A.B. asks: 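The structure's right below; bear with me while I get my questions together.
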Amino acid sequence: MLSYYHLETLLPRLLAFLVAMTLHDAAHAGAAWLLGDRTARESKRLSLNPLAHLDALGLAMIVFGPYGWSKKMPIDEANFKKRPKLSNTLVFLAGPVINLLLALLFWWLYFFLPSIVGGTAESITVEQWRVYLQYGVIVNIMLCFIHILPLYPLDGWYILKGWVPSQRKVWFDRNQRYALILVVFLMITPMGQWLLGHVYPLAAQLVMQLFSI
């Protein structure tokens, strides 16, 4: 079983997070641009450069805990002129969907890596790269499922908010501070770290089952 917190796993975790986070945010920005909102693009968030998305504290958290975050994505829902509710959903689903696709890609590469690099499954080079691919699968699965939770400021919150009647959105605006407090609690308190720490074994167990297929 892969261990998440050991120092020797730091580099695979960081690289997996940077790839997952960068493409997650770029997917949001790209979907928003295609559907009529140029806010993220004008803020230079439609980019494959990790520096465009990095949040210093969020990056530090991935070093010490099971989850980190990037800068808030600037999306202006008022710019979605055609089917605004559907457009809003597609924009905020784009990130988790990309993470799921990345997890599938890294899982596929895990099995076909020997034929790609021309080595055997037991070679040192293949085994080293497979560690990175395994963390790529785990981190992307975690990002996908965490972000669809209906908690502010995660994607699931904005998806749910986009479908409620206009008069009910006031409730979301009034209570998002409490959802944020809950998310912060999960990030920085020992109990929250313990709870999130159990997400990793579940993701790792799923990955191991995928690798055994």
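FYI, the numbering just counts along the sequence from 1. These numbers were taken from a predicted model, which means no experiment stands behind them.
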A.B. asks: Applying salt bridge (Lys or Arg N to Asp or Glu O under 4.0 Å), which residue pairs with at least one partner in residues 90-104 are found, sequence neighbours left out?
C.D. replies: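 Residue pairs passing salt bridge (Lys or Arg N to Asp or Glu O under 4.0 Å), neighbours aside: none found.
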A.B. asks: Residues two or more places apart in sequence or in another chain: which of them pass side-chain contact (heavy atoms from CB on, under 4.5 Å) with L100?
C.D. replies: C144
A.B. asks: Which pairs, with at least one residue in residues 91-105 and sequence neighbours excluded, count as a salt bridge (Lys or Arg N to Asp or Glu O under 4.0 Å)?
C.D. replies: none
A.B. asks: Between side-chain atoms of residues 73-80 and protein atoms elsewhere (two or more places apart, or another chain), which donor-acceptor pairs fall under 3.5 Å?
C.D. replies:
unit_1, atom_1, unit_2, atom_2, d
D76, OD1, A78, N, 3.1
N79, ND2, D37, OD1, 2.7

A.B. asks: Just how far is it from atom CD1 of I148 to atom CD1 of I159, taken to the nearest 0.5 Å?
C.D. replies: 8.0 Å
A.B. asks: Roughly how far apart are I98 CD1 and T22 OG1, rounded to 0.5 Å?
C.D. replies: 12.0 Å
A.B. asks: According to side-chain contact (heavy atoms from CB on, under 4.5 Å), who are the partners of L14, at least two apart in sequence or on a separate chain?
C.D. replies: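 side-chain contact (heavy atoms from CB on, under 4.5 Å) list for L14, sorted by chain: L10, L59, I62, V63.
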A.B. asks: Hey, which of I138, L101, V137 is the one that makes side-chain contact (heavy atoms from CB on, under 4.5 Å) with F106?
C.D. replies: V137
A.B. asks: What do you reckon, is CG of L48 surrounded by more than 12 foreign heavy atoms closer than 6.0 Å?
C.D. replies: no
A.B. asks: Between CG of N140 and CH2 of W107, what distance do you get to the nearest 0.5 Å?
C.D. replies: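 That separation rounds to 15.0 Å.
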A.B. asks: Say you draw a straight line from CG of L154 to CG of L143; how long is it, rounded to the nearest 0.5 Å?
C.D. replies: 10.0 Å
A.B. asks: Residues two or more places apart in sequence or in another chain: which of them pass side-chain contact (heavy atoms from CB on, under 4.5 Å) with A16?
C.D. replies: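 For A16 the side-chain contact (heavy atoms from CB on, under 4.5 Å) partners, ignoring immediate neighbours, are Y135, V139.
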A.B. asks: What's the spacing between R13 CZ and L15 CG if we round to 0.5 Å?
C.D. replies: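 Rounded to the nearest 0.5 Å, the CZ-CG separation comes to 11.0 Å.
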A.B. asks: Roughly how far apart are L57 CG and W69 CH2, rounded to 0.5 Å?
C.D. replies: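 Answer rounded to 0.5 Å: 4.0 Å.
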A.B. asks: Listed by chain and number, what are the side-chain hydrogen bond (donor to acceptor under 3.5 Å, both in side chains) partners of H28, not counting sequence neighbours?
C.D. replies: H24, D155
A.B. asks: Just jot down the side-chain hydrogen bond (donor to acceptor under 3.5 Å, both in side chains) partners of N49, sequence neighbours excluded, or say none.
C.D. replies: none
A.B. asks: State plainly whether one hydrophobic cluster holds both F112 and W129, where clusters connect Ile, Leu, Val, Met, Phe, Trp and Tyr through side-chain heavy atoms under 4.5 angstrom apart.
C.D. replies: yes
A.B. asks: Where is the tightest heavy-atom contact between M21 and P50, given as atom of each residue plus distance?
C.D. replies: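 Heavy-atom minimum between the residues: CE-O, 4.2 Å.
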A.B. asks: What is the minimum heavy-atom distance between L18 and L54, and which atoms define it?
C.D. replies: CD2-CD2, 3.6 Å
A.B. asks: Going by side-chain hydrogen bond (donor to acceptor under 3.5 Å, both in side chains), name the residues that satisfy it together with S70, two or more places apart in sequence or in a different chain.
C.D. replies: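 Here the qualifying residues are D25.
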A.B. asks: Among Ile, Leu, Val, Met, Phe, Trp and Tyr joined by side-chain contacts under 4.5 Å, find the other residues sharing a cluster with L46 and list them by chain and number.
C.D. replies: W33, L34
A.B. asks: Kindly list each side-chain donor-acceptor pair under 3.5 angstrom involving residues 87-95, sequence neighbours excluded, with atom names and distances?
C.D. replies:
unit_1, atom_1, unit_2, atom_2, d
S87, OG, K82, O, 3.0
S87, OG, R83, O, 3.1
N88, ND2, Y158, O, 3.0
T89, OG1, K85, O, 3.0
T89, OG1, W163, NE1, 2.4

A.B. asks: Kindly state each residue pair satisfying salt bridge (Lys or Arg N to Asp or Glu O under 4.0 Å) with at least one member in residues 14-23, sequence neighbours excluded.
C.D. replies: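 Pairs touching residues 14-23 that pass the test: none.
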A.B. asks: Side chain of R45, backbone of A52: donor and acceptor closer than 3.5 Å?
C.D. replies: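 Present.
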